Structures are given as structure tokens and as C-alpha cells.
Amino acid sequence: MNKIAPSILAADYANFEKELKRIEDTGVTYVHIDIMDGQFVPNISFGAGVVASMRKYSKLVFDCHLMVVNPERYVDDFAQAGADIMTIHTEATPHIHGALQKIKDAGMKAGVAINPGTPVASLETVLNVVDQVLIMTVNPGFGGQAFILETLEKVRQVAKLREEKGLSFDIEVDGGIDNKTIALAKKAGASVFVAGSYLFKKDLKAQIDTLKAALHD
Ligand code: DX5
Ligand code: ZN
């Protein structure tokens, strides 16, 4: 089933309670939460403490995307904060397999992510461990960037590997998603679509409806 995951990075940081309610009221089930450390990416967002506070106000699936060096250091913190999915980058740790296993052992769903410049081969050996594969469709760090069309080929490759290996993880795309690019990503094999600036710049519900229409959902 297709899922639209509004990215809280594009929302009002001073008012997460209200923003979570606004997202929940649209009927979507996911919220995408971007964690940035100022090292893996230049930008700094927020950490597990903020996620724990958000948890008090929402029953949405917390889809946490860590753009953080050595994310294995924060597995317990995010589990305790109430994260449902913890997605980490292959580029961020020399121990990707162990880190993903640690996420599963902590009771969360495990996601693996790759940047636009990283080949699918870097995550092939962990596909049997994960619940979600995140193909970055922009270079991570900031919202509002243009979708990189070349990344679609990697979505196709991962979908093909999933079929060949008889696996059932979700394929998520993140960055530059609008009512045009979402259809391309779906056609390539994605089913979880993160969207930030496209959704929050106007009426949230109306914008989500345009994405649903593009998905024919
Ligand atoms: C970028 C983040 C994205 C971001 C997407 O590093 O991972 O989740 O919020 O924003 P848009 O949809 O504006 O590209
Ligand atoms: Zn993200």
C-alpha cells in the first residue's frame, strides 16, 4: 500500500504539537522525522529528546531518518523516544549490518538509506535485514531541492533485487517529491513517499490530495 510521509522538517519547529495534529487530521499514517547532526550533513535539526516529546502528542508512525555519523550510538535513545522506524545511511558507519541488527533488537523497524551518489551495491548485503530501503532523491541536508532523476534507476534496481530475493521491505523515496515526481517514483517501484516543502507551502490536506491523485489512490 502506498504511504505519504509528510516531513516535519518543513513544519513549524516551535509548534510540533499543533503540526502533528495537523498531519494526523489529514488521514495519513506516517510522519517523517529528519535528524541531522551538522557532520554527516551540514545542517542541524533535532535529536531523540525532541522525538520523545513529540511522541506524547501523536500516534502517527514515527519514520525517523538519521543523517548522523555513527548512528549506532543512538539506537537505544530512539527506541526509548518511541521511534517506530529508524533509518540509517550506509555512508555513515563502517558497521551497517551490525547497526541495523541493533535497531531490530531494540524493537524498531530498520531502514537503510543511500545518498544519490552511492550505488545500490552498498546495501545489497543487508537487504534481508531491513524493513525499508530509502533511496535519497536529493542530496540530504535540506528541504526544497530538485528531484534528481538519475536516482530512479536505483529504485528500479532495488525493486528488482527485492523480487529476485523474495523479500518484502518497503522502498521509500525522499527529496523533491511533488505531484509529478511521485508518479515517476511509484512507477519505478517506490511505495513510501516523503514530502516536505511541497506539502507545507500551502494547505496540507489539499496538497496531500494532489499526491494521492497522482498515485491514483
Ligand atoms: C532532506 C530530508 C528530507 C526533506 C525533504 O535531507 O531528508 O526528508 O525534508 O524535503 P523536500 O520534500 O522539500 O525535498
Ligand atoms: Zn528525510
Side-chain angles (χ1 to χ4, degrees), residues 1-5 7 28-30 32-34 40 61-68 70-72 75 78 83-140 146-195 211-212 214-217:
M1 207 185 63
N2 293 318
K3 295 178 193 85
I4 293 167
S7 174
V28 300
T29 53
Y30 272 42
H32 184 81
I33 304 176
D34 287 308
F40 184 69
V61 174
F62 278 12
D63 178 34
C64 295
H65 174 201
L66 275 80
M67 287 157 275
V68 169
N70 296 125
E72 57 274 22
V75 171
F78 276 86
D84 297 288
I85 307 169
M86 180 167 170
T87 295
I88 59 175
H89 277 256
T90 60
E91 305 91 347
T93 173
H95 305 292
I96 189 68
H97 189 282
L100 290 164
Q101 200 61 62
K102 199 171 166 188
I103 293 170
K104 304 277 289 183
D105 291 347
M108 294 177 286
K109 289 191 173 171
V112 64
I114 51 171
N115 288 334
T118 304
V120 165
S122 75
L123 52 72
E124 202 170 330
T125 54
V126 298
L127 288 177
N128 62 329
V129 185
V130 299
D131 302 286
Q132 179 167 281
V133 171
L134 168 52
I135 303 294
M136 286 304 300
T137 44
V138 298
N139 285 295
F147 188 92
I148 300 170
L149 278 170
E150 289 75 13
T151 59
L152 287 171
E153 180 52 31
K154 295 197 291 178
V155 176
R156 277 182 222 112
Q157 287 173 18
V158 172
K160 187 161 174 269
L161 286 168
R162 179 174 61 186
E163 197 183 331
E164 284 168 8
K165 293 174 188 278
L167 297 168
S168 60
F169 53 80
D170 287 332
I171 302 176
E172 180 176 53
V173 284
D174 182 8
I177 295 294
D178 61 22
N179 60 336
K180 305 224 164 44
T181 54
I182 198 169
L184 302 175
K186 179 191 171 186
K187 190 154 179 265
S191 64
V192 184
F193 308 92
V194 178
L211 293 186
K212 284 189 181 159
L215 290 170
H216 301 293
D217 273 4

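Keep in mind it's a predicted model, so treat the numbers as computed, not measured.
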Roughly how far, to the nearest 0.5 Å, is CE of M108 from CD1 of I85? 11.0 Å
Qualifying residues under side-chain contact (heavy atoms from CB on, under 4.5 Å), relative to E153, sequence neighbours excluded: R156, Q157
Nearest heavy atoms of T87 and A113, plus distance in Å: CG2-CB, 3.8 Å
If every non-hydrogen atom of V173 is compared with every non-hydrogen atom of A185, which pair is closest and at what distance? CG2-CB, 3.8 Å
Checking S7 now: which residues fulfil side-chain contact (heavy atoms from CB on, under 4.5 Å) with it, not counting sequence neighbours? L9, H32, D34, V194
G117 to K154 - nearest heavy-atom pair and separation: N-NZ, 4.4 Å
Surrounding CD of E163 (heavy atoms of other residues, nucleotides or ligands, distance under 6.0 Å), is the total greater than 12? no
Salt bridge between K3 and D170, side-chain N to carboxylate O under 4.0 Å? yes
Shortest non-hydrogen contact from G189 to A159? CA-CB, 4.3 Å
Between I114 and S122, which heavy-atom pair has the shortest distance, and what is it? CG2-OG, 3.5 Å
Drop me the distance from M136's CE to M67's CE, to the nearest 0.5 angstrom. 6.0 Å
Does K212, at its NZ atom, have more than 12 non-hydrogen atoms belonging to other residues, nucleotides or ligands within less than 6.0 Å? yes
Considering only heavy atoms from C-beta outward, does the side chain of F193 approach that of L211 to under 4.5 Å? no
Exactly one of L134, V129, I96, I88 clears side chain to side chain contact (heavy atoms under 4.5 Å, CB included) with V112, and that residue is I96
Rounded at 0.5 Å granularity, tell me how far NE2 in H89 sits from CZ in F40. 4.5 Å
Among all residues two or more places apart in sequence or in another chain, which pass the side-chain contact (heavy atoms from CB on, under 4.5 Å) test with L149? F147, L152, L184
Tell me the closest heavy-atom pair linking N2 and A190, and the distance in Å. OD1-O, 4.2 Å
Give every residue pair that meets the side chain to side chain donor-acceptor pair (under 3.5 Å) criterion with at least one member in residues 177-186, sequence neighbours excluded. D178-T181
Do the non-hydrogen side-chain atoms of I148 and T137 ever get within less than 4.5 Å of each other? no
If we only count heavy atoms from C-beta on, is the V130 to Q132 side-chain gap below 4.5 Å? no
Does L127 reach the side chain of R162, with side-chain heavy atoms less than 4.5 Å apart? no
Which pairs would a plain distance check flag for residues 99-106, meaning a side-chain donor or acceptor within less than 3.5 Å of a matching protein atom at least two apart in sequence or in another chain?
from	atom 1	to	atom 2	distance (Å)
K102	NZ	E72	O	3.0
K104	NZ	D131	OD1	3.2
K104	NZ	D131	OD2	3.0

Look up atom CD in E124 and atom CG in L161, then write down how far apart they are to the nearest 0.5 Å. 4.5 Å
Is there side-chain contact between D63 and D84, with at least one heavy-atom pair below 4.5 Å? no
Which residues satisfy the side-chain contact (heavy atoms from CB on, under 4.5 Å) test with P119, sequence neighbours excluded? none
